[in-house]
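One structure below.
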2 protein chains.
Amino acid sequence: MKAASLRARVRAEMTDEIKAVARRHLSTDGANLSLRAVARDLGMASSAVYRYFASRDELLTALIIDAYGSLGDAAEAAPREWLAVCHAIREWALAHPHEWALIYGSPVPGYRAPRDTVPAAARVILALARIVAAAEVAEGEPVTGPLADELQAVADGFAPGTAPQVVGRAMGAWLHCCGAISAELFGQLQDTVEARRDFFEFQMRGAARWVGLT
Amino acid sequence: MKAASLRARVRAEMTDEIKAVARRHLSTDGANLSLRAVARDLGMASSAVYRYFASRDELLTALIIDAYGSLGDAAEAAPREWLAVCHAIREWALAHPHEWALIYGSPVPGYRAPRDTVPAAARVILALARIVAAAEVAEGEPVTGPLADELQAVADGFAPGTAPQVVGRAMGAWLHCCGAISAELFGQLQDTVEARRDFFEFQMRGAARWVGLT
DNA sequence: CTCATGAGAGAGCACTGCTCACAAAGGAGA
DNA sequence: TCTCCTTTGTGAGCAGTGCTCTCTCATGAG
């Protein structure tokens with residue numbers, strides 16, 4: 001796997017370059033990314049790009065996976081504390097709004113790349129789950145029915161030993177976090193709340209209290 | 001304004017017909033709505049549609065406003081109770097997923113029609129705000145700083161006499177609601193939670209408790 | 001040192017949004 | 001009633017898109 005990978009090496013570099021240009025286009029033109037424009041910027045024929053990505057959707061999927069990774073990095077780099085991680089996530093979203101829209105906005109073609117994205121997406125959630133699992137939170141009133149089993153399964157996978165209702169509350173906090181960021185990014189708070197950071201912190205403090213942290 | 005409106009009348013009918021076909025296309029093809037395809041379905045030249053909508057974006061804006069109206073209707077038709085309204089909103093979203101994506105997903109071209117949509121968007125929120133305003137909720141610990149003033153301004157506009165921190169919590173509940181529905185619709189809960197309705201109810205019960213209802 | 005494989009070019013298809021000059025067709029004013 | 005003139009619809013056309021195909025050619029593998 002040394003000299004044999006020379007060709008694979010330049011291929012990987014080219015792939016990265018395409019993704020970089022595509023990411024730049026994404027941040028200026030929005031979600032309607034043009035493969036031809038990317039090729040034009042790279043000084044190559046549009047058909048050549050298809051040697052690297054079978055379709056525009058495949059390029060987008062690659063960008064989505066990378067975005068999950070980047071967001072995961074940001075979340076893991078923050079201090080292991082609820083508010084810190086939340087703010088790290090929000091700041092990443094503010095810095096990469098179109099990539100946030102790509103992963104948490106409406107699915108672009110009405111279809112979501114199925115399995116490839118799941119592990120990448122899990123990292124951010126895990127960063128929050130770790131905090132909840134590490135803390136001692138009150139269990140509160142239990143959930144019942146099939147939902148309890150499902151939440152128990154999630155708990156077994158993500159944070160063993162956590163009560164299902166705590167998992168449910170943690171997921172709620174995560175939804176609250178996503179909702180707040182998306183609302184801010186997508187213009188839902190326009191002309192209503194300008195103290196965005198304070199508002200977000202207020203929301204996430206509430207979410208933490210609901211989960212049972214502190 | 002009687003006979004003079006004959007022309008305006010057929011124009012309005014034509015406009016509605018275009019929007020209806022566009023809505024149908026939206027529900028099958030997703031967000032990448034094709035004006036030409038709509039025209040084709042109507043048996044008219046694509047250029048004729050431009051007599052009614054100056055651009056594809058303008059058509060989409062019209063659909064967005066209509067969607068807000070439809071959602072507002074659904075929310076107002078529900079019993080004036082927290083959980084009932086939340087479930088009505090969710091059920092509307094499940095019935096009109098692409099329209100939900102249109103209004104609460106990522107902005108399609110990176111741009112949001114500015115003022116036209118605001119009053120339409122307010123109705124759903126008002127349906128929830130009424131419930132909070134009508135209930136007697138504990139004020140809890142107060143907010144301070146500029147955020148408090150902004151929340152107070154929102155309170156004065158939406159539900160006079162409500163404490164700013166209650167408004168903040170209510171907005172949080174709304175964000176939680178939006179986040180939960182979007183997550184369900186956009187596939188975030190895939191392979192994790194199947195008891196969707198129970199999960200949503202669990203979330204919104206928690207949101208209500210956080211606001212201070214019941 | 002050959003030679004197959006991978007990378008790139010370019011034409012082409014069907015589609016898109018949008019503009020333009022043109023042709024009916026109907027209501028408004030004389 | 002007759003004449004305009006605004007409104008509505010047409011079809012061609014431009015620039016752009018995703019994607020496929022065939023072709024060429026340099027280069028790394030054997």
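Note on naming: letters A, B, ... go to the chains in the order of the sequence lines (proteins, then strands), and numbering restarts at 1 for each one.
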Stepwise salt bridge (Lys or Arg N to Asp or Glu O under 4.0 Å) test for A:Glu184 and A:Arg197: CA-CA 10 Å; A:Glu184 176 174 352; A:Arg197 209 194 116 96; over 6 Å; no

To the nearest Å, give me how far apart CD (A:Glu13) and P (C:dG8) are.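 In whole Å, C:dG8 P lies 12 Å from A:Glu13 CD.
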
Length of the line joining A:Glu17:CD and C:dG8:P, which is rounded to integer Å: 10 Å

Do the charged groups of A:Glu194 and A:Arg196 touch, with an N to O distance under 4.0 Å?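 Yes, charged N to carboxylate O under 4.0 Å.
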
Measure the shortest side-chain to side-chain distance between A:Arg90 and A:Glu201 over non-hydrogen atoms and say whether it is less than 4.5 angstrom. no

Going by heavy atoms in the side chains, are B:Val38 and B:Phe53 under 4.5 Å from each other? no

Drop me the distance from A:Tyr50's OH to A:Arg56's CZ, to the nearest 0.5 angstrom.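 Result: 9.5 Å between the selected atoms.
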
Nucleotide by nucleotide, nucleotides 6-21 of chain D touches protein heavy atoms under 4.0 Å in the pattern (B base, S sugar-phosphate only, - none) -BBBBB-B---BBBBB

